[in-house]
**Student:** 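Have a look at this one.
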Amino acid sequence: MNTVPKSGVPYGAQAPKVRRRRMNVSLLLGGATIIFWLIVALVGPMVAPHAPGQVVDLDVFSPASSTLPLGSDYLGRDVLSRMLIASRFTVSIALLATLLAATVGVFCGLLAASSGWVDAIFSKLFDTLSAVPSLMFGLVVIGSLGASIPVLVGTLATVYSPGAFRTSRALARNIAVLDFVTVARARGETLPYIVLREILPNLVGPLAADFGLRFVFVTLLLSGLSFLGLGVQPPNADLGALVRENIAGLGFGAAAVLVPTFAIASLTIGMNMVIDAVSGGRRAGGRR
Amino acid sequence: MIAKRVGGALLTLFLLSLVVFAMSLLMGGDAAEAMLGQNATPEALAGLRAAMHLDQPSWQRYLGWLGGLLRGDLGVSLITKLPVSTLLAPRLLASLQLAGLTAAVSVPLALFLGILAAVRRGSLLDRVISMATIGVVSVPEFVIATLMVLIFAVRLHWLPALSSSRDFSSLHDVVRVFTMPVICLACVVMAQMIRMTRAAVCDALDSSYVEAARLKGVPPRRLVLGHALPNAIGPIVNAVALSLSVLLGGVIVIEVIFNYPGVARLMVDAVSTRDLPLIQTVAMIFSAAYLMLVTSADIVAILCNPRLRHR
Amino acid sequence: MSLSGDPLVRLTGLEISVRDAQGQDKIIVRDISLEVQPGEVLALIGESGSGKTTIALSMLGYTRGACRISDGTVEVAGHRLDSLPEARLQGLRGRVVSYVAQSAAAAFNPMLPIMRQVIEPALVHGLMTREAAEDKARGLFRALALPRPDTVGDRYPHQVSGGQLQRLMAAMALITDPALVIFDEPTTALDVTTQIEVLKAFKAVVRDLGTTAVYVSHDLAVVAQIADRICVLRDGMVQEQGRVEEILFHPRQDYTRALVAAAAARVPAAPMPDLPRDAGDPPLIQMRDVVAGYGGVDAQGNPQVRILDGVSFAIERGKVLGVIGESGSGKSTLARVVAGLHAPASGRVNLDGYTLEGEIRHRDKEQLRRVQLVFQNADTALNPAVSVGEAIGRPLTFFHALRGADRKAEVARLLDLVRLPAALAGRLPGELSGGQKQRVNLARALAARPDLLLCDEVTSALDPVVAEAVLDLLIDLRRELGLAYMFITHDIGIVRAIADEVMVLYGGVPVELASHEALEGPLHHPYTRLLMASVPELRPGWLEAANSAFSCGSTPGAGHAAGCRFFQRCAVSHPGLCDVLDPAVHVGAGQTIACHRGFDGLQATPGIAQGAIPA
Ligand SMILES: Nc1ncnc2c1ncn2[C@@H]1O[C@H](COP(=O)(O)OP(=O)(O)OP(=O)(O)O)[C@@H](O)[C@H]1O
Ligand code: SF4
Ligand SMILES: [Mg+2]
């Protein structure tokens, strides 16, 4: 169903010099964006000028000023301070969920690639999971369990583990039939040795790209849920929630709604640029 | 082979019903409590539980629920006490209108652009398309919708920001109501359809048989349409199916933003009020639709491929 | 081949460069000047990477990927292909010049019926009507000796064998009566028995139609049959050009001499003296009545698809068993059974008289150590993420618990054993050449200190000169270490050079088991004879003389019900007997054959006894 990114020959007919420079530029730009957001998530809340819940301005949606660099939000709170805390929520929840999805997916994928009946069971299981449209899955789980951060992380990880499973399984299966694995088997090596020492080292590159892709998906879904009011709950807020609560400011082009919107976009586009540059631009992007 | 695909999809659907049902078991408390609120008497609770068969073991309830689904009895909403089918039918229709219209616009356009980008690989056009699609794929639907509202409704006043009106007295109204949501949805859906189509056609164009055809003197148009495209059909159909399934999810966010009276509003409200029967039914419908799409894509791919057809 | 008149093809000072990832131009073909006269067949010969295909494609005005013609001219039939715009080139391709690709299996569009693709050049150039084109195609199918010429066009590429596809591709190239046809290694992917038929078909149509052709190949013996002149290429430059006889018998350049020497029929190696052993000792490895296959097993314990059917043999210590057979005959499966990678459905494998378990996990470490596997494709046989030292070192740790400095010293010794510098230990496989990789591959197997090496086509993927060196190494190692080999190959020349005994597999059944001496003798199973007679020899005119009386078709019959599996292709078959009863087994001096005719019958059969016996 899902296509595994094919690492083929980079297409050549056009001047590769230009392509290469473009690749480096997008790698640099994308990488810088990602690092910027990581730093913001890490230290941001410590340097925030105000408490995120504190009302500091009588005016709502006030424009940027020297005291409030990003203006105020719909309650007159400092947008900068709220952005700093919201970034931390978005980045950390997304990272955690991606990590979880990747760990579960890769582990099961490798297991499935090495045994027939395990494969049959896992494949069916993950197929079933991925048959629910992702947002719908999120709605069902949150509808049953309520919206809390552990539930969010779990849900996001569950929604995106089938993708990680499928990618790693397909990659591992392609490698498992290569002669060097057969040689190791003929030598009598144990399964863990074969998986960890012969197969895994060859998967690191593609799996890293897959991880990045999955981080993008997770961020998108998390923001979507929060935007619907079903993600991170008040008094906490992530970037999606900031967009939601300030949507009324859209009419005046308030920074309170535009800044988080662009923040989400820069995070995901930055990640995509990095992946694209690294995998030679041959990835067939898909969202699921 | 086709029977195997269909069988596989049905099995998945069955497993899915188990998962969706299991969700209701995970929910703290039960539906009777949820309906009667905090200060219900134990007697009332017990009575309602019996009436709703909540006192039965869970597998019996599961069978009852599944049987109901199959018979078309979708249960009763906990909150409004109305049958789910009554609540759902008009909303579903409205959502289908929106999704159908979007699909009708986006599929042909996306295929065209995808193939064009593949044929003109490396050109300015290809790069523009590729940048634009990356941009759109990387951004949540609501961001796109927000920006479009900002530009077209708020700044330019061309179109209404909300589509709640169901008063289609003239074509003009229809256009006004549907344009914004359809454009937003189509953007989202098309972006990845274009990317996947382009990748599939590029792969086919890189193959030895296309090179061989080129060396036969086959003109470019025929090279693409006659040689590359038949081989890309499988992946393309797959891409279309996957994109349309994204449509199923994207429709929710878009409907909420434009206040479109489709199934999404209902769903989001149901989630906030934890109206489980409603949630379960909608989830099952969406998943069944997804499975149907993907399975038909598989079947089309099989039928188009002589290696799979002549076995 | 007139000396007067204009040549049909003229390349002058052709230079082709490729732009690498850094944007640097790198010249891959330089200063090529050659001419092809009308009606002449010119062969381009050289090892992989020598630029054969690049030059051939330039005669279509085509370059692959980031390559381009950076200097010189390409003139074909009066057109300057190097400077024509793409639209004009398109009008010439397929009409004036056409192309037969190396792998027809990849060059046919899998989604379209064959006939549509064959007549496409005629249609896109508007040369004839569909009906006329189809008629002409059927005529070409007949001329190319394709079976069922009237209906083969309705099939899809996957429904036709490789040899037939190659001929269908030739029909596609010839349908427009082009002035020039380019054959790019058209028989390299085929079995020898198929190759000879395809070659004969090509030669006949080229002769009958008076076609001018450029024939690209790495195989001198094949080229000797079909070409008038040869152009030897190396590293993108012309080494030597001349008439076939000149190149074969009076080569001027050292490189050409090495090429000719590598292609010349191999002298059989002196048989190894027997190692001292007690009369009662069991053989090192012995296989008895092994049946193996894929798919589930039925009630009788037989697999759904039988790949090996009743295979028995024995290898003594220090001896070499050669296994030959065409693609799909079950050679690799045999090696997998011995190695424990594929459990047989019935039968047994003994090591030193002890029965080995079918599956690896039931074998003990000592048994695993004694049998090592070496694969054909060194590219996939070495883990790209693991350094050479680590790859060779792992069996040392695994089997002999060597670590640290001891292990390092041993790795260096092993590298030296396979004639590689010790400094290579730090490299990754991606940084090695094909021949070096295959040596590392060998060193890894030797690290276990095995008694038996299972070599599956270890030299097939290498260029002739490199293959020659690896083979010599194998012969030396055997002498130095007293190793036994099971040597799997499709190349009978290699078997001659290295094997003490030869097993010929056909459809998973051993049809002949012959000692080194018996193999050189005159009497063989009809399939063995076909195999031997199909190997091209390095002399012009061999193809015409080659006796094809051993075969009446190149494609094995569909299903095998009963009787001899070779029945449909056997020219001396005995209908009513051979297709009903399984062949009887006859044992002669140093030789066993499974054929109803037996030694006497084969002796008496005309065409067998007098058949040209390859030297
Ligand atoms: N895993 C498998 N499942 C089903 N059939 C298989 C499998 N592996 C091999 N076969 C079939 O078994 C037959 C024998 O294969 P094998 O690899 O032993 O042939 P071979 O003589 O080594 O051929 P080659 O010269 O091409 O290497 C072939 O028809 C092949 O298609
Ligand atoms: S048994 Fe019959 S068919 Fe088979 S090889 Fe011998 S003569 Fe030919
Ligand atoms: Mg093989």
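The chains referred to below are lettered A, B, ... by the order of the sequence lines, with proteins before strands, and numbering in each begins at 1.
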**Student:** If you measure only the distance, is there a donor-acceptor pair under 3.5 Å linking the side chains of Glu211(B) and Tyr62(C)?
**Tutor:**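 Side-chain D/A pair, Glu211(B) to Tyr62(C): present.
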**Student:** Rounded to the nearest 0.5 Å, what separates atom CE in Met172(C) from atom CG in Leu215(B)?
**Tutor:** 9.5 Å
**Student:** Would you mind telling me which of Pro230(B), Pro219(B), Ser207(B), Ala228(B) has the largest number of heavy-atom pairs within less than 4.5 Å of chain C?
**Tutor:** Pro219(B)
**Student:** Evaluate side chain to side chain contact (heavy atoms under 4.5 Å, CB included) for Lys216(B) paired with Val124(C), printing each intermediate quantity in order.
**Tutor:** CA-CA 9 Å; Lys216(B) 288 197 282 192; Val124(C) 295; 5.8 Å; no
**Student:** Looking only at non-hydrogen atoms, find the nearest pair between Gly226(B) and Asn109(C) and report the distance.
**Tutor:** O-ND2, 4.4 Å
**Student:** Between Ala212(B) and Met169(C), what is the shortest heavy-atom contact and its length?
**Tutor:** CB-CE, 4.2 Å
**Student:** With a cut-off of 6.0 Å (strictly less than), are more than 12 heavy atoms of other residues, nucleotides or ligands near CZ of Arg120(B)?
**Tutor:** no
**Student:** What part of Arg214(B) lies closer than 4.5 angstrom to a heavy atom of chain C: side chain, backbone, both or neither?
**Tutor:**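 Both backbone and side chain.
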**Student:** How would you list, in number order, the residues of residues 89-106 of chain C that have a heavy atom less than 4.5 Å from chain B?
**Tutor:**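 Listed by number: Gln90(C), Arg93(C), Gly94(C), Val97(C), Tyr99(C), Ala106(C).
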**Student:** Checking Ile182(C) against chain B: side chain, backbone, both or neither under 4.5 Å from a heavy atom?
**Tutor:** neither
**Student:** Does atom CE of Met128(C) have more than 12 heavy-atom neighbours, drawn from other residues, nucleotides or ligands, at distances under 6.0 Å?
**Tutor:**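 Correct, the count exceeds 12.
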**Student:** Does CZ in Arg116(C) sit with more than 12 non-hydrogen atoms of other residues, nucleotides or ligands closer than 6.0 Å?
**Tutor:** no
**Student:** Do you know which two heavy atoms are closest between Met111(C) and Pro306(B), and how far apart they sit?
**Tutor:**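 Looking at all heavy atoms of both residues, the closest pair is SD-CD, 3.3 Å.
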**Student:** Roughly how far, to the nearest 0.5 Å, is CG of Leu112(C) from NE2 of His227(B)?
**Tutor:**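 So the NE2 of His227(B) and the CG of Leu112(C) are separated by 6.0 Å.
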